[in-house]
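Have a look at the structure below before the remarks.
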Amino acid sequence: MKRCVTFLVLCLLIAMMPLTMTSAATASASVTGPSVLRAGDTFKVAVLMTGTGLRAAQGTITYDATKLVFQGSDGVLTGWAIDIGSATAGKVTFLGVDDKLTAPINSSKQLFTLTFQVKSGVATGANIAVTATKLSASDGTNDFSPGDASYSVNIAAPASSNNALATLTVSNATLSPAFSAATTSYTASVPFETAKLSIQATAADAKAKVVVGNTSLAAGK
C-alpha cells in the first residue's frame, strides 16, 4: 500500500511540473549599401544571411530598372556555390548551397554582393531600393522563411564641381606666398618646438566639405 501511495504522489508531482519548451532556430536576412548615392554612381549592395547551421539559401533580388542598371555580382561566401541569374525586368534570382558541407552559416555572413549603376537622369531626392524577397533557407533538417530585407536611400544632390578654397590660414605659422584661391602649394617656417600646425580652411562652395589631413610635424620633414 505504501508503494502505491508513493507512486501516486510522484505521478501527481510530475503532472504539476511546468513544461519547458525549446524554441526553434530561425533565419533572417539583410541588405546593406552606401549611405550616399548620386545620379551616375556605381555602387554595391551586400546580401547577408543570419542563422545557425544554415547550409542553403535562395531568393529574389528586386530593384527599379527605370533607375538602376544591374552590372554583375561578386564577393561570394567562401565555401558556398552560389548561382545568380541574369537580370530580368528588375529581378535577379539566386540559389546558394554549402555544397561541401564545410562552411555552414553560424552567425551573420555575406552571401554575395551585387553591383548597380544609378542612371544619370535619376532626380535628386528619388528613392533607390534593392530588396531581397521570396527568401528561404535550410539547415538540412529545418526549412526557414526569412522576411523581406531591403536597402533604401534617397538620391543626393550632385557633388559640387568647385573645389576651390575661400580661405586658408595657419594660426601658428605664416604662409608663403599669401593665400590665393588659384595657388595650390604653400610653405611655412615654424619654431623647432612646434609639433603641430593649426590649419583653418573654408570652401568656396558652401555645400562643399573641407577635410584637413595630418598636421603633425617631425623634425627635418
Side-chain angles (χ1 to χ4, degrees), residues 11 13-119 122 126-156:
C11 290
L13 289 174
I14 292 174
M16 294 171 63
M17 290 176 63
L19 295 176
T20 301
M21 303 297 291
T22 302
S23 59
T26 60
S28 61
S30 59
V31 182
T32 63
S35 59
V36 177
L37 272 185
R38 294 182 171 88
D41 282 357
T42 297
F43 69 101
K44 290 185 178 184
V45 296
V47 178
L48 300 91
M49 190 69 69
T50 301
T52 301
L54 300 181
R55 297 191 178 277
Q58 65 179 351
T60 299
I61 307 299
T62 64
Y63 60 95
D64 187 343
T66 67
K67 300 175 183 176
L68 299 178
V69 177
F70 175 65
Q71 294 191 329
S73 61
D74 55 15
V76 172
L77 177 61
T78 300
W80 280 50
I82 298 182
D83 178 39
I84 298 175
S86 301
T88 304
K91 295 182 180 181
V92 179
T93 60
F94 73 90
L95 170 63
V97 179
D98 174 19
D99 59 341
K100 296 182 180 178
L101 302 180
T102 58
I105 293 175
N106 284 311
S107 56
S108 182
K109 295 288 186 179
Q110 175 184 298
L111 290 176
F112 53 85
T113 63
L114 300 176
T115 301
F116 295 92
Q117 184 177 30
V118 183
K119 292 186 177 181
V122 177
N127 182 256
I128 296 296
V130 179
T131 301
T133 188
K134 298 181 181 179
L135 296 170
S136 62
S138 175
D139 61 10
T141 302
N142 303 296
D143 295 330
F144 310 103
S145 298
D148 292 356
S150 185
Y151 159 75
S152 177
V153 67
N154 292 335
I155 293 297

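Computed over heavy atoms, backbone and side chain alike; hydrogens, waters and symmetry mates excluded. In this chain, residues are counted from 1 in sequence order. The structure displayed is predicted, hence computed values, not measured ones.
At least one side-chain heavy atom of Leu68 sits less than 4.5 Å from a side-chain heavy atom of Val130. Taking 4.5 Å as the limit, every side-chain heavy atom of Leu77 sits out of range of all side-chain heavy atoms of Phe112.
Among residues two or more places apart in sequence or in another chain, the salt bridge (charged side-chain N to carboxylate O under 4.0 Å, His left out) test is passed with Lys109 by none. Evaluation of the salt bridge (charged side-chain N to carboxylate O under 4.0 Å, His left out) rule for Asp41 yields no partner, not counting sequence neighbours. Among residues two or more places apart in sequence or in another chain, the side-chain hydrogen bond (donor to acceptor under 3.5 Å, both in side chains) test is passed with Thr32 by none. Residues satisfying the side-chain hydrogen bond (donor to acceptor under 3.5 Å, both in side chains) test with Asp64, not counting sequence neighbours, are Thr66. For Thr115, the side chain to side chain contact (heavy atoms under 4.5 Å, CB included) criterion is met by Thr42, Lys44, Gln71, not counting sequence neighbours. Under the rule for a side chain to side chain contact (heavy atoms under 4.5 Å, CB included), the partners of Val69 that lie at least two apart in sequence or sit in another chain are Lys119. Scored by the side-chain hydrogen bond (donor to acceptor under 3.5 Å, both in side chains) test, Thr50 finds Ser108 as partners (sequence neighbours excluded). Residues passing the side-chain hydrogen bond (donor to acceptor under 3.5 Å, both in side chains) test with Asp143, sequence neighbours excluded: Ser138.
Rounded to the nearest 0.5 Å, atoms OG (Ser152) and CD1 (Ile128) are 8.5 Å apart. To the nearest 0.5 Å, atom CG of residue Leu111 and atom OG of residue Ser73 are 12.0 Å apart.
Residue pairs meeting the salt bridge (Lys or Arg N to Asp or Glu O under 4.0 Å) criterion with at least one member in residues 132-142, sequence neighbours excluded, do not occur.
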message: side chain to side chain donor-acceptor pair (under 3.5 Å) for Thr133 and Asp148? Distances and angles first, verdict last.
response: CA-CA 5 Å; Thr133 188; Asp148 292 356; 3.0 Å; yes
query: Run the side-chain contact (heavy atoms from CB on, under 4.5 Å) check on Lys67 and Val118 step by step: do they pass?
result: CA-CA 6 Å; Lys67 300 175 183 176; Val118 183; 5.7 Å; no
Verdict with supporting geometry, Phe43 and Leu37, side-chain contact (heavy atoms from CB on, under 4.5 Å): CA-CA 8 Å; Phe43 69 101; Leu37 272 185; 3.6 Å; yes
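Listed for the Tyr151 side chain is no donor-acceptor partner under 3.5 Å among the backbone atoms of Ser30.
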In a table with atom names and distances, give each donor-acceptor pair under 3.5 Å that connects a side chain of residues 52-63 to protein atoms at least two apart or in another chain.
from, atom 1, to, atom 2, distance (Å)
Arg55, NH1, Asp98, OD2, 2.6
Gln58, NE2, Ser136, OG, 3.2

Could you pull out all donor-acceptor pairs under 3.5 Å where a side-chain atom in residues 79-86 meets a protein atom, sequence neighbours excluded?
from, atom 1, to, atom 2, distance (Å)
Trp80, NE1, Ala103, O, 2.7

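Here the closest heavy-atom approach between residue Met49 and residue Pro146 is recorded as SD-CG, 4.1 Å. When all heavy atoms of Leu135 and Ala29 are compared, the closest pair comes out as CD1-CB, 3.5 Å. Residues Val36 and Ala156 share a closest heavy-atom pair of CG1-CB, 4.0 Å.
A donor-acceptor contact closer than 3.5 angstrom links the side chains of Asp74 and Thr113.
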